[in-house]
Amino acid sequence: MASADSTNLAALIGQVETVVSAGGTTTTEYERVLTRWRDFTNQDRTALGRLSDALTGDAHPDDLATLNALALAEQASTPDRAYVSNHAAGAVFTALRGEVKKVSEANYNTIREAFNVAAESFTKLCRTVDPDADPATLMTGTDAQRKAWATAAIQAPQLDQMIPSLEAAARLAGITIPGNEGLLALTVNPGKNHRRRIWEAWDNTEGSRAGRWGALIKAGATIEAPKLDDYKPYKRPADPEWKYVRGAIGTKQYLEDPADAEHAAHQKHAAQAA
C-alpha cells in the first residue's frame, strides 16, 4: 500500500514534469536524486538473478555472500518491501522538495509571463471584434476584424491548456489553490466588477466561441496571472435571497442579490474618488 510519502512524491514529480514541459527548470541535484530514485524503483534485474550468474562466473566469495543476503531480502513479504520503499520515498521527497523550492518562484514567473502574453494577445482580439459576432456582419468589417474573429476562437482553448502548468507552478511555489475559487484568482483580475457577473462568465465554458475568456472580458475583467505576493482567492457570492416587504396593499416579494450591494458600494467609492 502506498504511503503518504509515496503519494506526495509521485504528485511532486508529476507537478515538476508539468512545469518543465511549459518552460520551467530543475536543478542538477534534483535530476541526480530523481534518477537514483527511478533506478531504485525500476530495477530490471533481481539479486537472485545476479546471484545465479555469479555462482557460475568468477565472482569473489564476499560478493556471493552479499548477493545471497540481498536475494534472501527480496523474498520478504509485501508489507516489508512496501515499508522499505515508502521509507525511501520519504527521504527522496524531502530532498526533491528542497531542490524544487530553489527554482519554484522563477518557474512560476516564467509561466506567468507566458500566460499573460497569451492573455494580452487574446484580449486585443476581443477588443478588435466581438468573438461572438454574427459572421454575416463581418462581410462589411475590416480584414483585421475578420482575422481577429477567427483567431479568438483558436487562442481561447490555448489559454485553457496553460492553466495546469500555471497551477502546478503556483502550488510548487507554496500557493494554496482552493478549487475553482483559486483557479479564477490565478488567471483573472476581476477588479471591482460585479462578483456574480464575473462568476457567471467564468462558468460560461460553452456559451461563447471564445469560452469563458471572452465572457470574462465582456464582464469587465482582465485576464492575467498575479504576482505570487498578490494572489488571493476570489469567493463566489452568496446565493440571492427572497425578501418580503409589507406595503399598503399587502406584502411584496423581491429577490435580493448580495453581490448587488457589494457592486454598488464599489461604484459609490469610485465616484467619490473621481
Verify side chain to side chain contact (heavy atoms under 4.5 Å, CB included) between Arg212 and Asp160, making sure each step is shown before the conclusion. CA-CA 9 Å; Arg212 58 163 55 106; Asp160 291 329; 4.0 Å; yes

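- No donor-acceptor pair closer than 3.5 Å links the side chain of Arg197 to the backbone N or O of Ala219.
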Just do the side chain to side chain contact (heavy atoms under 4.5 Å, CB included) check on Leu34 and Val92 with the steps written out, would you? CA-CA 8 Å; Leu34 178 61; Val92 173; over 6 Å; no

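- More than 12 heavy atoms of other shown residues, nucleotides or ligands fall within 6.0 angstrom of atom CD in Glu29.
- Looking only at distances, no side-chain donor or acceptor of Tyr30 sits under 3.5 Å from a matching main-chain atom of Thr25.
- Both the sub-6.0 Å distance and the 45° axial angle are not jointly satisfied by Arg236 relative to the ring of Trp202.
- The two atoms that bring Arg196 and Pro240 nearest to each other are NH2-CD, 3.6 Å, heavy atoms only.
- Remark: side-chain polar atoms of Trp199 are not paired, donor with acceptor, to backbone N or O of His194 under 3.5 angstrom.
- Clustering ILVMFWY residues whenever any of their side-chain heavy atoms sit less than 4.5 angstrom apart, transitively, puts Leu172 in the very cluster that holds Tyr231.
- Contact check for Val129 versus Leu138: side-chain heavy atoms found under the 4.5 Å cut-off.
- Residues Pro131 and Cys126 form a side-chain contact, since some pair of their non-hydrogen atoms from C-beta on lies under 4.5 Å apart.
- With hydrogens and angles disregarded, a donor-acceptor distance shorter than 3.5 Å links the side chain of Thr35 to the backbone of Glu31.
- Taken from NZ in Lys192 to CD in Glu262, the straight-line distance is 8.0 Å, to the nearest 0.5 Å.
- Rounding to the nearest 0.5 Å gives a distance of 11.0 Å between CD1 of Ile13 and CG of Asn8.
- To the nearest 0.5 Å, atoms CD (Glu105) and CG (Leu228) are separated by 5.5 Å.
- In this structure, Ile175 is not a member of the same hydrophobic cluster as Val103, with clusters built from ILVMFWY side-chain heavy atoms closer than 4.5 Å.
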What's the verdict on side chain to side chain contact (heavy atoms under 4.5 Å, CB included) for Ile163 and Leu159, showing C-alpha distance, side-chain angles and the deciding distance? CA-CA 7 Å; Ile163 292 180; Leu159 290 173; over 6 Å; no

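- For Glu113, the CD atom sits in a loose shell: 12 or fewer heavy atoms of surrounding residues, nucleotides or ligands are nearer than 6.0 Å.
- When all heavy atoms of Ala150 and Ile154 are compared, the pair lying nearest together is O-CG1, 3.7 Å.
- The two residues Arg97 and Leu12 make their nearest non-hydrogen contact at N-CD2, 3.8 Å.
- Closest of all the heavy-atom pairs between Val188 and Ala221 is CG1-CB, 3.7 Å.
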Please evaluate residues Leu166 and Ile111 with respect to the criterion side chain to side chain contact (heavy atoms under 4.5 Å, CB included), reporting the C-alpha separation (whole Å), side-chain torsions for both, the decisive distance (0.1 Å), and the verdict. CA-CA 6 Å; Leu166 185 65; Ile111 296 176; 4.0 Å; yes

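- Side-chain contact between Trp149 and Pro135 is present, with at least one heavy-atom pair separated by less than 4.5 Å.
- No donor-acceptor pair closer than 3.5 Å links the side chain of Asn204 to the backbone N or O of Ala215.
- The pair Asp39-Arg36 fails the salt-bridge criterion, with no side-chain N (NZ, NE, NH1 or NH2) lying under 4.0 Å from an Asp/Glu carboxylate O.
- None of Leu216, Thr222, Ile198 except one satisfies the side-chain contact (heavy atoms from CB on, under 4.5 Å) rule with Pro190; the exception is Ile198.
- In this structure a side-chain-to-backbone donor-acceptor pair under 3.5 Å is present from Arg146 to Gly141.
- Between the CZ atom in Phe93 and the CH2 atom in Trp37 there is a gap of 12.0 Å [rounded to 0.5 Å].
- Proximity of Thr18 to Arg171: side-chain heavy atoms (C-beta onward) are nowhere separated by under 4.5 Å.
- Annotation: the span from Asn109 atom CG to Lys227 atom NZ amounts to 9.0 Å, rounded to 0.5 Å.
- Listed for the Arg195 side chain is no donor-acceptor partner under 3.5 Å among the backbone atoms of Ala238.
- To the nearest 0.5 angstrom, Arg127 atom CZ is 11.0 Å from Glu120 atom CD.
- Considering all non-hydrogen atoms of both residues, Val19 and Ala169 come closest at CG2-N, 3.5 Å.
- A 4.5 Å side-chain heavy-atom check between Lys218 and Asp130 finds at least one atom pair inside the cut-off.
- Ile177 approaches Leu186 most closely through the heavy-atom pair CD1-CD2, 3.9 Å.
- A donor-acceptor pair is defined here as one N or O able to donate and one able to accept, closer than 3.5 Å; no such pair exists between the side chain of Arg209 and the backbone of Ala153.
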